[in-house]
Amino acid sequence: MSTTTRFIHQSKTPRIVFGRGRRREVAQELRALGVRAPLCVSSPGSAAAAAGVAVSLADGSLAPAATSDRARMHVPEHLVDEHMRIVEESGADSLVAVGGGSAIGLAKAVALRSGLPVVCLPTTYSGSEMTDVWGVTKRGEKRTGRDVRVLARVVVYDPELTDGLPRSVRGLSGLNAVAHAVEAIYAPDTSPLVAVTAGEAIAVMIRALRGLDGGWNDRDRDDALYASWLCGVCLDSTRMGLHHRLCHLLGGRFDTPHAATHALVLPFVLRHQEPGLSDAQRELMARSVNGGDVCTELLRLARAFGAPSDLRALGVGVDDLAPIARRLAQEPPSSDGPTGEKSLLALLRSLHRGRLPSPIGPGYDGRVSH
Ligand code: NAD
């Protein structure tokens, strides 16, 4: 059954190179782009992976112009200034980001100013490598925008680069990715192609994350990275809805950790959106958990990977809920779920208590399934 009958679809995706060991092909990808002196950026956590990539780049006519492992969450503007100076002084002609959303975000912000082409080697499942969205933070304010200059020219997905990810980072990052696919299913600008992509992405990522319970094998790691690519496609193809707006708001106001916030919030927002979903959309989600309740499974996984139990654990007070609900209600709704201030407040109260409403009935009436 199709999930939508009226749509526009437009693609602008980077070249994708996927497979174990394929990080060693970055030199030839750079040559194909006509560049020979990249600035390699990473975060402290992905620095070891980046060092290996940098070594493989020192090859005949090609060598890194400079390396940096100073990327940080939310791209502080002073780091962009600093890396622009490195570009100018080193003569770098391209940017290679090895890491999660922080390293990729820094490369994108430098690309926005310098116009240099970006090649990404993701080591988490954030999906940033697939989007033309940039963000820069100055004095606690994060400015974001879309610009084709920041879109990666090539993305090399090498699952071996994710081998060193701590269990919790892996699990929470995977759930962050699932959120992109879930919101793409009910986005007003979704398309049948996006819906199929999202259904596959959710099913494969959930199956791979379940593999963590029994210890990961190569197939789980390959599958998770494959699913994160699909989730990134979903993120770039549609306007994200209530879930992403709420996580953005919490991140901005309370400086909450990115992936952990997504992992906690997702089951609650999806439960809130359920009444507005079509049968086909519901079916697509249920298929990803073999007909079970997807919200319950997402919450179980979030807890298994150490997500905060509720909004209180993220430093959000009960008095903060009404202003957040008001702010969300003021923004134009981008999905079919209930968007009135009262129902948003009920959603936030469930999240604050960490008690997921039952899937049956009108919701938010105190009954809990978890
Ligand atoms: P992150 O890049 O900070 O990585 C999370 C943690 O994992 C960090 O501590 C990092 O050092 C560590 N890590 C990364 N690779 C590792 C490896 N190979 N081994 C061991 N540790 C490793 O965070 P993230 O969750 O990947 O991304 C979050 C950031 O990305 C946020 O700033 C968010 O706003 C941004 N983001 C942007 C977009 C977009 O489209 N612009 C999309 C998603 C996320």
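Ligands are counted one by one from 1 in listed order, and the atoms in each one are counted from 1 as well.
The closest approach between any non-hydrogen atom of K142 and ligand 1 is below 4.0 Å. Residue contacts with ligand 1 include L235, since one or more of its heavy atoms lies under 4.0 Å from the ligand.
Counting heavy atoms under 4.0 Å from ligand 1, residue A49 does not touch it at all. Residue contacts with ligand 1 for H258 involve side-chain atoms from C-beta outward but no N, CA, C or O (heavy atoms, distance under 4.0 Å). The proximity of K108 to ligand 1, defined as any non-hydrogen pair under 4.0 Å, is limited to the side chain.
Between V35 and S94, the shortest heavy-atom distance links the atoms CG2-OG, 3.6 Å.
Looking at S128, A260, A259, it is S128 that brings a heavy atom closest to atom 37 (C) of ligand 1.
The residue from H244, R239, H243, R245 that alone fulfils the side chain to side chain donor-acceptor pair (under 3.5 Å) condition with E183 is H244.
Taking a cutoff of 4.0 Å between a charged side-chain nitrogen and a carboxylate oxygen, E29 and R153 do not qualify as a salt bridge. Ion pairing of D222 with R219 is absent here, as no side-chain N (NZ or NE/NH1/NH2) approaches a carboxylate O to less than 4.0 Å. The pair R85-E82 does not meet the salt-bridge criterion, since no charged nitrogen lies less than 4.0 angstrom from a carboxylate oxygen.
Numbered from 1 in the order shown, with element, the atoms of ligand 1 that lie under 4.0 Å from a heavy atom of S46 read 15 (N).
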